[in-house]
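Structure first, then comments.
Heavy-atom basis, side chains included; hydrogens, waters and symmetry copies ignored. Predicted model only: the values in this text are computed from it and were never measured.
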Amino acid sequence: MLTAFARAFRTPDLRKKLLFTLGIIVVYRVGTHIPIPGVNYQAVQSCVDQASGTQGIFGLVNMFSGGALLQITVFALGIMPYITASIILQLLTVVIPRLEALKKEGQAGTAKITQYTRYLTVALAILQGTGLVATARSGALFSGCTVASNIVPDQAIFTTVTMVICMTAGTAVVMWLGELITDRGIGNGMSILMFISIAATFPSALWAIKKQGTLAGGWIEFGTVVLVGLVMVGLVVFVEQAQRRIPVQYAKRMIGRRSYGGTSTYIPLKVNQAGVIPVIFASSLLYIPALIAQFSGGKAGWKTWVEQNLTKGDHPIYMISYFLLIVFFAFFYVAISFNPEEVADNMKKYGGFIPGIRAGRPTAEYLSYVLNRITWPGSLYLGVIALVPTMALVGFNANQNFPFGGTSILIIVGVGLETVKQIESQLQQRNYEGFLR
């Protein structure tokens, strides 16, 4: 692998892409440490230290921003508005006929949907930025911090608007940096920035586990956690590469004097067809009751129940709800992202058929049957990956936002595999031995 990486750097055009990607990553990481105007940076640091790694209901967004959310920096919102906008547009494509028609138009339609995604990202950034500023002003961003109310000393309208504009502009810059990586660098830009944001939180989280440990100065706990993480990475790589291949045979066709078709191929159906989306959906949905309870006044019974059962990742009710939501969203997302009838119609149009299955509706029913069968183990796998770290690391006093949790591991491995495959393909085009053998 190291030899192939050295050969990649010796290839001029590939070296330029790698260095350009690394340069964008450096710019992104610098932006995550630049505080916005109107924030008392010393008070923020004091509250972050008092939090001791527990990030509460803002943990998911803070993870995707590389720790910039709780620092209230220019890139505080990170890539999360773009992720949310992309998911919303993908869901609306199934519901709105106009978007579905654009999707079928090819590159021109995809460019139009991308433009809509950018507009929606800016709108969501304004909304989320306003919510973050309001939370910081009220002192609810760091519950229990003694100086939380001093994070935003000047609460004038002009200061608030300036802070929201700075965070929205930061989100637009992050989106632009991601598109630059996609166009001129290696891999998908948004995925790379998401990868870097999550990986940036690993060292501090691991060191916190070491400091909290009591065996051999914390090194026993540290080594055990690293070992568990490596085992999980191996399991995720194994399952993410697993797929069910549906054989497809194309009949021969005579066009003029030439014969076309007669070839055999397959439809690859991944075991984890939904990717990391169900975990993100489930996490976000479970944050909503805790967020409502935090901003509601009084001591109502429902608020007490939510604070006791749905705010701690190691609570049985939280874990059961989390697992069931992941399974539900796995089936939901697969149902809207893969259309067996459309695949069957395209196969029939080009003379393709599955051996032993008639073309048309029987093919669609067969694909739907197979997809439901493999979605069950995929959804259960997602639930286990999301819950096992929480259950195994309770003994190390790790919180629910530990870096080896389900969301972070799935994203890290998924983005890493896709990026390595892209470098591998470019190396193979130049007759070089690549990373994967």
Do [X] and [Y] come within less than 4.5 Å of each other through their side chains, counting heavy atoms only?
X	Y	answer
Thr171	Val122	no
Ile412	Phe195	yes
Val327	Trp376	yes
Ile267	Met347	yes
Val279	Phe329	no
Ile357	Glu365	no
Tyr116	Leu102	yes
Lys103	Leu99	no

Would you say the side chains of Asn188 and Glu418 form a donor-acceptor pair under 3.5 Å?
-> no

Looking only at side chains, do Gln249 and Ser264 share a donor and an acceptor under 3.5 Å apart?
-> yes

Enter the distance from [X]:[atom1] to [Y]:[atom2] here, rounded to the nearest 0.5 Å.
X	Y	atom1	atom2	value
Ile72	Thr135	CD1	OG1	9.5 Å
Ile196	Thr21	CD1	OG1	10.0 Å
Ile336	Leu92	CD1	CG	9.5 Å
Leu91	Ile88	CG	CD1	8.0 Å
Arg184	Ile24	CZ	CD1	8.0 Å
Gln90	Thr117	CD	OG1	10.0 Å

Between [X] and [Y], is there a donor-acceptor pair closer than 3.5 Å when you use the side chain of the first and the backbone of the second?
X	Y	answer
Thr419	Gly416	no
Thr182	Gly189	yes
Thr375	Phe331	no
Glu342	Asn339	no
Ser337	Tyr333	yes

Inspect the surroundings of [atom1] in [X] and state if more than 12 heavy atoms from other residues, nucleotides or ligands are less than 6.0 Å away.
X	atom1	value
Gln115	CD	yes
Arg358	CZ	no
Glu105	CD	yes

For [X] versus [Y], what's the shortest heavy-atom pair and its separation?
X	Y	value
Arg29	Thr32	O-OG1, 2.5 Å
Ala330	Ala274	O-CB, 4.1 Å
Tyr322	Ala386	CE2-CB, 3.7 Å
Ala364	Glu341	CB-CA, 3.9 Å
Ile385	Met232	O-CE, 3.8 Å
Ser197	Tyr28	OG-OH, 2.6 Å

Under the side chain to side chain contact (heavy atoms under 4.5 Å, CB included) criterion, do Met190 and Glu179 qualify, and how do the steps go?
-> CA-CA 7 Å; Met190 301 302 174; Glu179 292 181 354; 4.0 Å; yes

Determine, step by step, whether Phe338 and Leu371 satisfy the side chain to side chain contact (heavy atoms under 4.5 Å, CB included) criterion, reporting the C-alpha distance in whole Å, the side-chain angles of both residues, the deciding distance to 0.1 Å, and the verdict.
-> CA-CA 9 Å; Phe338 186 88; Leu371 195 62; 3.4 Å; yes

Criterion side chain to side chain contact (heavy atoms under 4.5 Å, CB included) on Ile126 and Met167, from CA distance to verdict = CA-CA 8 Å; Ile126 295 174; Met167 282 190 285; over 6 Å; no

Start with the C-alpha gap between Tyr266 and Ile246, add the side-chain angles, then the distance that decides, and say whether side chain to side chain contact (heavy atoms under 4.5 Å, CB included) holds.
-> CA-CA 5 Å; Tyr266 60 87; Ile246 307 296; 5.8 Å; no

